[in-house]
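One structure is given here, and the rest of the page talks about it.
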Amino acid sequence: MKNSVQDLLTREFHIDRDILALIEESEKDVSGRFQELDDMMAYNQYKVLAAFQKNNIRDMHFSWTTGYGYDDAGRDALEQVYADIFHTEAALVRPLIVSGTHALTLALTGPLRPGDELIYSSGGPYDTLEEVIGIRGEGKGSLKEFDIEYKQVELTEKGGIDYDALGKAIGPKTKMVCLQRATGYAWRKAITIEEIEEWAAFVKGINPQIICMVDNCYGEFLHGKEPTDVGADIMAGSLIKNPGGGIALAGGYVAGRADLIEKAAYRMTSPGVGSDSGLMFGQTRAMLQGLFTAPKTVNGAVKGAVLCARAFEKLGYAICPGVDDIRSDIIQAVRLGSPEAVTAFCRGIQAAAPVDCGVRPVPCDMDGYGDQVVMAAGTFVQGSSIELSADAPMREPYTVYFQGGLTYEHAKFGVMKAMQELKERGLLNR
């Protein structure tokens, strides 16, 4: 069967035999890591199933409501399932939350008030949050415009939390301390659950009233615990990343303490209305089904990231995280060294897609980003980065960020096509 698969890949997709051999060698190298990831997937799959059964999810929960969406049993059940999986008092899970950035904005603007201070303790926030906070851009309703002060504590040279600097930064006005779990466009490993637990304990040790908020995008179902299991008061993420399982068509979530979720809900709708209304537009079934399949989908994506790391490492490229590092997000960074190589890699990922495979990605300006960005995402759900995708800011040292894959086999194919595109353009290390 192996030879027939390789024959198909060569005949239909023009993958060179030497690339197929490299991928096969890389898979053998990481087989032990794959078993560890499969074990974690099984744990999370049964954890999710337990929450579904606890809440007695039934066919009636998939029904539509109209208008204001009052008394939507399906919406209430969906949010309780999320709260149970994440072990929180409450959760807000809506298609009205348009992105991870929007979910994080609700987590910030809900609890914070004029005169409060916000500290990011993992370096700068993800690019699209810079305008939300007020680091970049004016006149758009940023936290800065509402007199919320901002401080930023950089990570250590080894990518850890700088507790000395954080302790000095926290003051009497500090209301919230934030942590971005995933790498974003930084050259660092994702923050692990153990590190998040240590961070939350440190912050609470200084002042128990400070809100610990975690940007959990790309991190769900990588471990047996989530940030809210280890001290985070509130966290947020996108449903077109890990927890949507590639099935949810849109949406985001915010989960945590009930009082904080209520304030976030007031920002989502309006004060006095909060989470009591808001139409689901018939998306409850897709959100629940995506959540149920999410552990398996995330498993395929993270195995694809590990394979990508090993294969490019064997060719001499710098990678982050390393093959044997603890994974706390689904992202794999590969330092390619030139804008041409970054663009070629993304074109290979696009060519591997089931949708829009003929599109040729080019760098361009994008809302919320300070640099031009090249993105590859031939996805069933627009912008879904739990599906096979890759992107990169067009800035030195020219690093590409690979993630996603609804199945491991598709993620693996994306690695092959990225290599093939680089090889055909004379840009692949040998």
Do [X] and [Y] have side-chain atoms, one donor and one acceptor, less than 3.5 Å apart?
| X | Y | value |
| --- | --- | --- |
| Gln180 | Ser122 | no |
| Asp276 | Tyr68 | no |
| Asp39 | Gln35 | yes |
| Glu226 | Asn216 | yes |
| Ser385 | Gln403 | no |
| Ser384 | Thr379 | no |
| Asn299 | Gln45 | no |
| Trp199 | Ser121 | yes |
| Arg327 | Gln332 | yes |

### Task
Give a yes or no on whether the backbone of Gln209 and the side-chain of Asn207 come within a donor-acceptor separation of less than 3.5 Å.
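Yes.
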### Query
Hey, mind stepping through Met416 and Phe13 against side-chain contact (heavy atoms from CB on, under 4.5 Å) and telling me if it holds?
CA-CA 10 Å; Met416 296 180 202; Phe13 301 108; over 6 Å; no
### Query
So, for Phe345 and Phe312, is the gap between ring centers shorter than 6.0 Å?
yes
### Task
Rounded to the nearest 0.5 Å, what's the gap from CG on Leu118 to CD on Gln152? Could you check?
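Taking CG in Leu118 and CD in Gln152, the distance rounds to 10.0 Å.
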### Task
Measure the acute angle between the ring planes of Tyr82 and Tyr253, then classify it against the limits of 30° and 60° as parallel, tilted or perpendicular.
tilted
### Message
By the definition side-chain contact (heavy atoms from CB on, under 4.5 Å), identify the one residue from Ile196, Asp329, Thr192 that meets it with Arg181.
### Response
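The option that passes is Ile196.
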### Query
Is it the case that more than 12 heavy atoms not belonging to Ile326 sit under 6.0 Å from its CD1 atom?
no
### Task
Quick one: do Glu421 and Arg425 satisfy salt bridge (Lys or Arg N to Asp or Glu O under 4.0 Å)? Show the steps, please.
CA-CA 6 Å; Glu421 185 77 18; Arg425 294 185 172 276; 2.9 Å; yes
